[in-house]
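In what follows, a single structure is set out as structure tokens and then discussed.
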Amino acid sequence: MIYNIEFETLPREAIEAIQVRRLKDTIERVYATVPFYRKKFDEAGVRPADIKSLKDLRRLPFTAKQDLRDNYPYGMFAVPMETVVRIHASSGTTGQATVVGYTARDIQMWSELMARALAAGGATRGDIIHNAYGYGLFTGGLGVHYGAERLGASVIPISGGNTKRQVQIMRDFGPTILTCTPSYALHLGEVAAEAGIDFGTLRFRAGIFGAEPWSEEMRGEIERKLHLSAVDIYGLSEVLGPGVSIECLEAKSGLHIAEDHFIAEIIDPKTGEVLPDGETGELVFTSITKEAFPVIRYRTRDITSLDRQPCICGRTHARMKKVSGRSDDMLIIRGVNVFPSQIESVLMEIKEVEPHYQLLIDRVDNLDTLTVRVEVGEAAFSDEVRKLQEIERKIAKNIKEFLGVTAAVKLAEPRSIARSEGKAQRIVDKRKF
Ligand code: DLL
């Protein structure tokens, strides 16, 4: 179902007309209210009046995560604190957390975009949404929550953790839509199985999973194990939270970006040059409706490409490909660039292994080493050692053949790799740079 038929199906020219108008307003506003932007624009020699078309956006400087850190906690806010009604922060796993704020109108806009997203993922007023994204500073829990209420669905605000209890609630309350990270979805499946509950007997129809990269193969695994249709939802705190883009249930072919609120660009991460549609690079967002925390050309570090062709579902907003990884998560192993998601795809093709893995990177005698730890299923684990070694060799061979890197593969016992309640931590890089 299309939640906002008027805005989600606008012809391209109309989308662009809205974008230009809102972009001009935003640029004027941030120039007047955020000293950081005024200084950057002055240094680049651009005045708000110079921004007359979407192409002119390119004249503006980028904003990076470091800029937000330098202005920690509230330096990038464009409104006085009295009008800020909510504060969130990004997880901060890769350094100091960044703080973001919302006015009452921002929260309304976010709820609208999340209602659109949930509807695109298959939710309706009649659904019961089991929301296992974490509630708190992380935007996942509350973002989905407000969207679910706006849509008129019933939301179970279960948050992450306490997995055994979650499984009981799933059985007793009959939820029909599951929202959580893809790694936590798999964990819920395992814990349900341990408790003797078959996901196939639950009422779930669809799952709306995101907040971390997951491959097509992982989607297949989740759909098989959890007996539901899985769609991908994307977002980041700095730009909004969840709801920046979403796959539609009909096509599952790229994530529709809410283009009436965000302008997306793809750039070459090295040169900053804007790349044409279809080319892969770093995703950059400019928010054009946010009041408290507008961002101008924010570099997400996420790697993807854009497609502006209308979708079979009727939505006209540009689609971004499933994110293949972050430019700062890209592993460079002896000079070869590899994304963890590519390794995931290779692993998921091997039927004996489970979707739980860890990548350990180290440097021994000045040479990078990659060790892939992956769990085997119960059945394979009881096989002879020789058979296990054969599986290890097969995985190493496939990684070498498809990705060009040499990896040491170590099969791990079932359930031996730590499970996550939110974003999975799959990379351990011990190299000192
Ligand atoms: O993860 C917001 C969110 C919550 C999205 C719930 C979807 C569902 P942050 O904690 O700020 O915000 O992390 C943002 O997570 O730049 C990506 O690198 C990654 N990410 C988010 N969604 C996806 C996805 C939330 N669907 C960072 N695929 C982003 C791949 C994703 N990566």
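Position 1 is the first residue of the sequence, and the numbers go up from there. We count ligands from 1, going down the list as the structure has it; atoms in each ligand are counted the same way. Owing to the predicted nature of the structure, the values given are computational and were not obtained by experimental measurement.
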Worksheet item: Any side-chain donor-acceptor pair under 3.5 Å between R373 and Q358?
Response: yes
Fill in: Residue from F262, Y146, Y102 passing ring-ring contact (aromatic ring centres under 6.0 Å, His included) with W110
Y102
Item to complete: Closest by any non-hydrogen atom to atom 22 (N) of ligand 1: pick that one out of A211, S327, S237, G325.
Response: A211
Item to complete: Report the member of P213, S324, C180, S341 with the shortest heavy-atom distance to atom 30 (C) of ligand 1.
Response: P213
Item to complete: Using a strict 4.0 Å cut-off to heavy atoms of D232, name the atoms of ligand 1 that fall inside it.
Response: 24 (C), 26 (N)
Worksheet item: Is ligand 1 under 4.0 Å from a heavy atom in the side chain of F209, in the backbone, in both, or in neither?
Response: neither
Practice prompt. Mind checking whether E212 contacts ligand 1 via backbone (N, CA, C, O), side chain (CB onward), both or neither, at a 4.0 Å heavy-atom cut-off?
Written response: backbone
Practice prompt. Go through the side-chain N and O atoms of N398 and E349 and say whether any donor and acceptor fall under 3.5 Å apart.
Written response: no
Practice prompt. Would you mind finding which of I233, L283, T304, D328 brings a heavy atom closest to atom 26 (N) of ligand 1?
Written response: I233
Worksheet entry | Pair E344, Y357: side-chain N/O donor-acceptor within cut-off below 3.5 Å | yes
Worksheet item: What atoms of ligand 1 come closer than 4.0 angstrom to any heavy atom of F138?
Response: 1 (O), 4 (C), 10 (O), 25 (C)
Worksheet entry | R319 side chain to H317 side chain, donor-acceptor N/O pair below 3.5 angstrom | no
Worksheet item: Does one side chain, of H256 or E8, offer a donor that lies under 3.5 Å from an acceptor on the other?
Response: no
Worksheet item: Which of these, E238, K423, E247, has its nearest heavy atom closest to atom 10 (O) of ligand 1?
Response: K423
Item to complete: May I ask you to check if R116 and Y3 form a cation-pi contact, with NZ or CZ under 6.0 angstrom from the six-membered ring centre and within 45° of the axis?
Response: no
Discussion item. Restricting to side-chain hydrogen bond (donor to acceptor under 3.5 Å, both in side chains), what partner residues turn up for S327, sequence neighbours left out?
Written reply: none
Worksheet item: Parallel, tilted or perpendicular: which describes the rings of F293 and F77, with under 30° parallel and over 60° perpendicular?
Response: perpendicular
Worksheet item: Are R301 and ligand 1 in contact, using a heavy-atom cut-off of under 4.0 Å?
Response: no
Worksheet, complete the sentence: Nearest non-hydrogen contact to atom 29 (C) of ligand 1 from the set T300, D302, T98 belongs to D302
Worksheet entry | Proximal ligand 1 atoms for Y133, defined as those under 4.0 Å from one of its heavy atoms | 6 (C), 8 (C)
Worksheet entry | Atoms in ligand 1 with a heavy atom of R326 nearer than 4.0 Å | 16 (O), 18 (O)
Worksheet item: Looking only at heavy atoms, is any part of L236 under 4.0 Å from ligand 1, and if so is it the side chain, the backbone, or both, or is it neither?
Response: both
Worksheet item: Atoms of ligand 1 less than 4.0 Å from G140 heavy atoms?
Response: 4 (C), 6 (C)
